[in-house]
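Only this structure's heavy atoms are used, side chains among them; waters, hydrogens and symmetry mates stay out. Numbers here simply count residues along the sequence, with the first being 1.
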Amino acid sequence: MYKTDIDRTDEGIEAVKNEEMLGMVYNDKEGQAREMLNLAFVIATDGDKSDIPLIDGKYVRTPYHKLTLENIEESE
């Protein structure tokens with residue numbers, strides 16, 4: 001029951017559904033790509049950075065998502 005997984009693999013999803021694993025963490029690669037593109041565009045066009053949630057003026061954080069049996073169907 002103590003398998004681990006990250007990034008929402010097919011094997012991990014099945015393990016959670018079969019209750020062989022309690023849950024996993026999804027590192028939101030799509031959200032990260034979106035934020036990188038937004039930031040790169042603003043920098044390249046000398047745009048307004050006020051709409052970008054910068055941390056310390058230079059970092060953008062995208063949250064991880066906890067996936068368990070209760071919400072695994074929503075992640076597919």
Side-chain angles (χ1 to χ4, degrees):
M1 170 78 81
Y2 295 102
K3 296 179 183 179
T4 60
D5 194 1
I6 190 165
D7 289 338
R8 198 178 66 193
T9 63
D10 293 338
E11 294 83 7
I13 289 171
E14 288 306 311
V16 172
K17 284 182 179 180
N18 295 332
E19 298 186 43
E20 298 167 350
M21 184 165 62
L22 295 174
M24 67 179 125
V25 177
Y26 177 57
N27 185 1
D28 185 4
K29 63 186 178 297
E30 296 86 4
Q32 290 175 353
R34 187 174 31 262
E35 292 300 334
M36 285 187 284
L37 179 61
N38 289 340
L39 183 56
F41 179 79
V42 167
I43 291 170
T45 61
D46 277 334
D48 181 12
K49 289 188 235 174
S50 65
D51 289 338
I52 298 177
L54 293 174
I55 299 169
D56 293 333
K58 55 187 165 183
Y59 304 105
V60 177
R61 181 184 180 282
T62 56
Y64 288 85
H65 304 282
K66 182 169 81 171
L67 303 174
T68 63
L69 187 59
E70 288 77 32
N71 68 354
I72 197 74
E73 296 291 333
E74 299 167 15
S75 76
E76 294 184 87

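Here the CD atom belonging to E14 is positioned 9.0 Å from the CD1 atom belonging to I72, to the nearest 0.5 angstrom. Once rounded to the nearest 0.5 Å, the distance linking OG1 of T68 with CE of M21 reads 11.0 Å.
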*Output, in order, the C-alpha distance, side-chain angles, deciding distance and verdict of side chain to side chain contact (heavy atoms under 4.5 Å, CB included) for L54 and V60.*
CA-CA 5 Å; L54 293 174; V60 177; 3.7 Å; yes

*Might you work through the side chain to side chain contact (heavy atoms under 4.5 Å, CB included) test for N71 and K66, ending with a clear yes or no?*
CA-CA 9 Å; N71 68 354; K66 182 169 81 171; 5.7 Å; no

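Hydrophobic clustering keeps I52 apart from F41 (ILVMFWY residues linked when any side-chain heavy atoms are closer than 4.5 Å, directly or through intermediates).
Under the side chain to side chain donor-acceptor pair (under 3.5 Å) criterion, S50 pairs with D48, sequence neighbours left out.
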Only pairs under 3.5 Å count here: list side-chain donor-acceptor contacts from residues 30-40, not counting sequence neighbours, and write none if there are none.
| residue | atom | partner | partner atom | Å |
| --- | --- | --- | --- | --- |
| E30 | OE1 | Y26 | OH | 2.3 |
| E30 | OE2 | Y26 | OH | 3.3 |
| Q32 | NE2 | N27 | OD1 | 2.7 |
| N38 | ND2 | R34 | O | 3.4 |

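Residue pairs satisfying the side chain to side chain donor-acceptor pair (under 3.5 Å) criterion with at least one member in residues 52-62, sequence neighbours excluded, are absent.
M24 and R8 make their closest contact through SD-CA, 3.6 Å (heavy atoms, listed as atom of the first residue, atom of the second, distance).
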